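These notes are about the structure you will find just below.
This chain uses plain numbering: 1 for the first residue, then up along the sequence. Bear in mind that the values here come from a model prediction, so they are computed numbers and not experimental data.
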Amino acid sequence: TGQERQGSVNSLHLAVDDNLANFTDPTTGNPSTDANAGNVYIAMGMNVPPPSPAPAGYQPWVIGLAASSDRAATWGTPASVAGSVTNGNNSNSPTRPRIAVSQGAAGNGVAAGSITVIWDETLAGRQSSPDPLDFIQSRRFTATGNTLTAAGAAVRHHVRELRVER
């Protein structure tokens with residue numbers, strides 16, 4: 001039935017595309033159009049039980065992203081943002097997703113309404129030497145109504161952990 005593999009949600013983040021649908025930059029005169037103005041997005045950090053039999057190195061942490069183009073009355077099928085990998089050491093543990101919606105800027109290649117999901121990998125880099133690392137990842141999406149499309153692969157950013165000497 002599939003219900004035995006229902007995951008539990010451990011973190012949520014909601015964002016609304018509050019851009020104007022049409023805008024003209026008063027300085028440059030460049031127009032900008034956001035067809036997704038008013039859309040609502042929710043990113044979900046989830047723990048999904050393994051299938052039976054569980055593959056070696058199963059990693060249960062995943063992040064999904066869902067969109068609504070009718071003020072959250074209905075939602076599209078969640079897009080896979082991160083996780084659902086078998087990597088043998090459970091190092092890619094995506095958690096704490098956050099969403100940013102671009103205001104856009106005419107002429108610079110960033111479309112108004114572009115969605116970026118940012119998340120933390122809680123386990124990766126912890127054993128780095130001499131200093132532990134933290135990995136922050138991001139992935140961009142575009143929306144057409146309730147349907148989300150990934151605009152490329154995830155990008156990994158290395159962050160040194162801050163240590164305060166006393």
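Contacts of Ser114 classified as side-chain hydrogen bond (donor to acceptor under 3.5 Å, both in side chains), with partners at least two apart in sequence or in another chain: none.
Residues Thr149 and Phe141 form no side-chain contact, since every pair of their non-hydrogen atoms from C-beta on lies 4.5 Å or further apart. Inter-residue side-chain proximity for Ser68 and Asp70 is flagged as met; some heavy-atom pair is nearer than 4.5 Å.
Atom CG in Asn22 sits 9.0 Å away from atom CG in Asp34 (nearest 0.5 Å). If you take CE on Met44 and CG on Leu14, they are separated by 11.0 Å, rounding to the nearest 0.5 Å. Taking CG of Leu148 as the reference point, atom OG1 of Thr142 lies at 7.5 Å (rounded to 0.5 Å).
Between Thr33 and Ala112 the shortest heavy-atom distance is O-CB, 3.9 Å. For Gly45 against Ile63, the heavy-atom pair with the smallest separation is CA-CG1, 4.3 Å. Heavy-atom minimum distance, Val40 versus Ala72: CG2-N, 4.3 Å. Residue Trp119 comes nearest to Pro97 through the heavy atom pair CB-CA, 4.1 Å, listed as atom of the first residue, atom of the second, then distance. Shortest non-hydrogen contact noted between Ala150 and Arg139 is CB-NH2, 3.4 Å.
Cluster membership check: Leu12 shares its hydrophobic cluster with Val16, using side-chain heavy-atom separations under 4.5 Å among Ile, Leu, Val, Met, Phe, Trp and Tyr. No single ILVMFWY cluster, assembled from side-chain heavy atoms under 4.5 Å apart, contains both Val155 and Ile136.
Of the possible polar contacts, none joining the Arg96 side chain to the Asp120 backbone as a donor-acceptor pair under 3.5 Å is found.
For Ser69 and Asn39, the side-chain atoms include no donor-acceptor pair closer than 3.5 Å.
Shown here is Arg140, whose CZ atom has no more than 12 heavy atoms of other residues, nucleotides or ligands within 6.0 Å.
Among pairs with a residue in residues 9-18, those fulfilling side chain to side chain donor-acceptor pair (under 3.5 Å) read Asp17-Asn19, at least two apart in sequence or across chains.
Residue Leu20 shares its hydrophobic cluster (ILVMFWY side chains chained together at separations under 4.5 Å) with Phe23.
A side-chain contact (heavy atoms from CB on, under 4.5 Å) with Ile99 is found for exactly one of Leu65, Ile42, Thr116, namely Leu65.
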